[in-house]
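Here the structure comes first, spelled out in structure tokens, and everything after it is commentary.
Values below: every heavy atom of this structure, side chains too, minus hydrogens, waters and symmetry copies.
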Amino acid sequence: MKALAAAAVAIVAMGMTACGDDSSSTGSDSSAPAAKKNVKVGLAFDIGGRGDKSFNDSAAAGLDRVKSDLNLEVKDLAAVAGESENDKYSRLKLLCTTGYNPVIAVGFVYDGADAKNGPLARAAKDCPSTKFAIVDGATAADNVADLTFAEEQGSYLVGVAAALKTKSGTVGFIGGCQVDLIKKFEAGFTAGAKATKADIKVLTNYLSTPAEACKGFNDPAGGKTAASGMYDQGADIVYAAAGGSGTGVFEAAKAKSKLAIGVDSDQYNTVTDASLKPVIMTSMLKRVDNAVFNFVKDYAAGNFKGGPTVFDLKVDGVGYATSGGQVDDIKDKLDAAKADIVSGKVTVPTK
């Protein structure tokens, strides 16, 4: 709670700041409307926070675009490892009671164990005039927008890529936490791989459970150990849906002279250590940046839509990265797989 108290002082005494680059942005939107006066945007990060080079950084890129393109005041607050649901509630409550509207919660952790009574549900009830959004959540409140994604569809495409590129016939999947959301990534990846190469072997490993506060999203050492084990078992490509732990997977790939697949952001471009770029074959893109930006843009124009909005392949809410050129030779096959999903010819499983 000390961190929250410090954040409150920072808000009152120092005003709003935003940091980081906009490398995963799609660029300025010249059609962005003039923003409402006095709109101040608050954002609460998930585990790992700004700088994870993955999920949170994609959200941060969207917030940075809000500041630059819409000229709005913004503030983001970081999560603390091992914090309680009450800490998450207090962070959201702090933002709404200090004048931020809308407020965006990044990650299903803000739903809590019970979405009807979790951190966001409590904050939304206490701040009924504030509009909220949650990325990857499903809080049933009139003043909350649920921004969700078809992760299984994007994961299917990188599963196809892995099957087309594997030489050993064995690939791996590492999840940050054993929850239904991450199981969608696994289901899509496995389906894409097996649809392409029926006899392919897919190894799986989850780094943590909800009982461990999903610490596997910020455990590079654990990611490295898990990936090393998969490479030793014959995998030559490992897909990591594990947030900041993905860096450890890339390090293992480099050490074993194998390949890896990133997630959420184009990790070829966001990874800090340039020596890891050659092992990142592709990344499953989850356009959290666009979801955050478009939510705020709509709110600023006076258009708030509560309830769920799904970002899928039809709206390029998910996809795959081509940076580094390692999937250029199979791009036609990946795009054909995408077309089959968009047309409804292929339905990707979520379990």
Side-chain angles (χ1 to χ4, degrees), residues 52-55 151 154-176 182 185-208 216-286 319-331 333-334 337:
D52 71 347
K53 309 301 179 186
S54 185
F55 177 63
E151 294 93 353
S155 296
Y156 183 98
L157 297 184
V158 298
V160 172
L164 291 171
K165 288 290 187 175
T166 183
K167 296 178 180 179
S168 69
T170 300
V171 298
F173 172 85
I174 294 177
I182 304 304
F185 290 79
E186 179 194 353
F189 178 72
T190 300
K194 289 188 174 295
T196 306
K197 187 184 291 287
D199 61 348
I200 196 169
K201 184 176 182 180
V202 181
L203 307 175
T204 63
N205 191 330
Y206 284 86
L207 301 179
S208 64
F217 288 119
N218 192 30
D219 183 11
K224 185 173 184 177
T225 298
S228 294
M230 287 183 172
Y231 293 132
D232 288 344
Q233 292 178 68
D236 55 357
I237 302 170
V238 172
Y239 174 34
S245 301
T247 300
V249 175
F250 302 151
E251 290 172 349
K254 178 184 176 183
K256 300 287 186 177
S257 298
K258 305 297 184 181
L259 294 173
I261 296 173
V263 74
D264 296 334
S265 298
D266 183 349
Q267 295 197 281
Y268 180 92
N269 290 326
T270 63
V271 69
T272 302
D273 184 351
S275 71
L276 298 179
K277 288 189 173 186
V279 308
I280 304 175
M281 187 181 84
T282 182
S283 295
M284 195 286 280
L285 301 178
K286 180 173 172 177
Y320 69 94
T322 59
S323 298
Q326 296 197 57
V327 296
D328 286 354
D329 59 327
I330 59 171
K331 190 174 184 301
K333 294 182 176 62
L334 298 180

- [ ] In sequence, state the C-alpha distance, the side-chain angles, and the governing distance for Asn205 and Phe173, and then conclude on side chain to side chain contact (heavy atoms under 4.5 Å, CB included).
- [x] CA-CA 6 Å; Asn205 191 330; Phe173 172 85; over 6 Å; no
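- A side-chain donor-acceptor contact under 3.5 Å links Thr225 to the backbone of Ala221.
- Taking all atoms of both residues into account, the shortest heavy-atom contact from Ala252 to Ala227 is CB-CB, 3.7 Å.
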- [ ] Evaluate the side chain to side chain contact (heavy atoms under 4.5 Å, CB included) criterion for residues Leu259 and Gln326: first the C-alpha distance (whole Å), next the side-chain angles of each, then the deciding distance (0.1 Å), finally the verdict.
- [x] CA-CA 10 Å; Leu259 294 173; Gln326 296 197 57; 3.6 Å; yes
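- Closest approach of Phe185 to Ser155, counting heavy atoms only: O-CB, 3.3 Å.
- Ile261 approaches Ser283 most closely through the heavy-atom pair CG2-CA, 4.2 Å.
- Evaluation of the ring-ring contact (aromatic ring centres under 6.0 Å, His included) test over residues 240-269, restricted to residues two or more places apart or in two chains, returns none.
- Residue Ala163 comes nearest to Ala193 through the heavy atom pair CB-O, 3.5 Å, listed as atom of the first residue, atom of the second, then distance.
- Residues passing the salt bridge (Lys or Arg N to Asp or Glu O under 4.0 Å) test with Asp199, sequence neighbours excluded: none.
- Using a distance-only test at 3.5 Å, with no hydrogens or angles considered, a donor-acceptor pair links the side chain of Ser265 to the main chain of Ser54.
- Residues satisfying the salt bridge (Lys or Arg N to Asp or Glu O under 4.0 Å) criterion with Lys277, sequence neighbours excluded, are absent altogether.
- Looking only at atom types and distance, the side chain of Asp219 has no donor-acceptor partner in the side chain of Ser245 under 3.5 Å away.
- Screening residues 250-259 for salt bridge (charged side-chain N to carboxylate O under 4.0 Å, His left out), with sequence neighbours left out, gives Asp232-Lys256.
- Counting only distance, with no hydrogens or angles, the side chain of Thr322 and the backbone of Gly325 share no donor-acceptor pair below 3.5 Å.
- Residues passing the side-chain contact (heavy atoms from CB on, under 4.5 Å) test with Lys201 are Thr170, Leu203, sequence neighbours excluded.
- The two atoms that bring Val327 and Thr282 nearest to each other are CG1-CB, 4.1 Å, heavy atoms only.
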Open item on the list: side chain to side chain donor-acceptor pair (under 3.5 Å), that's the test. Do Tyr239 and Glu186 meet it? Break it down for me.
Closed with: CA-CA 9 Å; Tyr239 174 34; Glu186 179 194 353; over 6 Å; no
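- Proximity of a side-chain donor or acceptor of Thr166 to a complementary backbone N or O of Ala162 within less than 3.5 Å is not detected.
- Using modelled atom types, one side-chain atom of Gln267 and one backbone atom of Val263 make a donor-acceptor pair closer than 3.5 Å.
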Open item on the list: Set out, in order, the CA-CA distance, both residues' side-chain angles and the distance that settles side chain to side chain contact (heavy atoms under 4.5 Å, CB included) for Asn218 and Asp52, then state yes or no.
Closed with: CA-CA 8 Å; Asn218 192 30; Asp52 71 347; 5.9 Å; no
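- Pairs of residues two or more places apart, or lying in two chains, that qualify as salt bridge (charged side-chain N to carboxylate O under 4.0 Å, His left out) and include a residue from residues 320-330 are Lys165-Asp329.
- When only modelled atom types and interatomic distance are considered, Asp273 and Ser275 share a side-chain donor-acceptor pair under 3.5 Å.
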- [ ] Before giving the answer on side chain to side chain contact (heavy atoms under 4.5 Å, CB included), spell out for Leu157 and Met284 the whole-Å C-alpha distance, their side-chain angles and the decisive distance to 0.1 Å.
- [x] CA-CA 8 Å; Leu157 297 184; Met284 195 286 280; over 6 Å; no
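- In this structure, CD1 on Ile280 lies 8.5 Å from CG on Asp266, to the nearest 0.5 angstrom.
- Using a distance-only test at 3.5 Å, with no hydrogens or angles considered, no donor-acceptor pair links the side chain of Glu151 to the main chain of Asp264.
- Between Val171 and Phe189, some side-chain heavy-atom pair lies under the 4.5 Å cut-off.
- Here the side chain of Lys194 pairs a donor or acceptor atom with the backbone of Ile200 at under 3.5 angstrom.
- Asp236 places a side-chain N or O within 3.5 Å of a backbone atom of Lys167 that can act as its donor or acceptor partner.
- Taking both residues in full, the closest heavy atoms of Tyr231 and Ala260 are given as OH-CB, 3.9 Å, listed atom of the first, atom of the second, then distance.
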